[in-house]
Amino acid sequence: MPHTERERIVMTRHPLSPSPSTRKNRPRRNLVEIATRLSGQRELWEPLVRYDPISRYYARLAKEPDFEAWLLTWVPGQGTEWHDHGGSAGAFVVVRGELTERSATVAQDGPPSVVDEPRVLSDGSLRAFGTKHIHRVTNNGLEPAVSVHVYAPALVEMTSYAEDGPRLWQTGSQLIGVNW
Ligand SMILES: [Fe+2]
């Protein structure tokens, strides 16, 4: 899904950002650490919180050569479709409200299988995932939710899936957008 004019892009250099001279040869930074630190910096993301009942709202918190961070908001009922992350790993923290994640296991041969048990992520929950993770995230609660997401490398292209019983089938790929 393409970006919309609703997107508010705020690029900041946060305290974890290395200077350009130290970036070389640095191992991939710990996404859990980055997500935890950013989610704790309320002064960074709280002023950016907006709720959009028509389309999920999102704002970029950081853009670095090796990772990107986004703020996402979810009014009750809003959620993503099934999707992967195009080879990026990620981590996210629920900083307000509650989100529900459903995930799928990736098979060596054949389509991904839906995991039966949804994962409820309450305020303060952190979820980290690898490069092959497939999930869908929904606000099934009664209150708006806010989450802080980190991806490495930055999202570029991702595949969307449709649920058909216990299996997922690819429905297409899309360039970076809000369906995360
Ligand atoms: Fe996602």
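Along the sequence shown, residues are numbered consecutively beginning with 1. Whatever order the structure lists them in is the order used to number ligands and atoms, beginning at 1.
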- CD/Gln78 to CG/Asp52 distance, rounded to the nearest 0.5 angstrom? 7.0 Å
- Task: Work out the angle at the Fe ion (ligand 1) between NE2 of His85 and NE2 of His83, rounded to 10°.
- Result: 100°
- Task: Check whether more than 12 heavy atoms from other residues, nucleotides or ligands sit under 6.0 Å from atom CD of Glu46, and answer yes or no.
- Result: yes
- Query: Residues two or more places apart in sequence or in another chain: which of them pass side chain to side chain contact (heavy atoms under 4.5 Å, CB included) with Asn140?
  - Reply: Thr100, Thr138
- Task: Check Arg50 against Thr73 and note the closest heavy-atom contact, atom names and distance.
- Result: O-OG1, 2.7 Å
- Answer key: the N, O or S atom of His135 nearest to the Fe ion (ligand 1) is NE2
- Message: Report whether any nitrogen, oxygen or sulfur of His149 sits less than 2.8 Å from the Fe ion (ligand 1) (N, O or S, backbone or side chain).
- Response: no
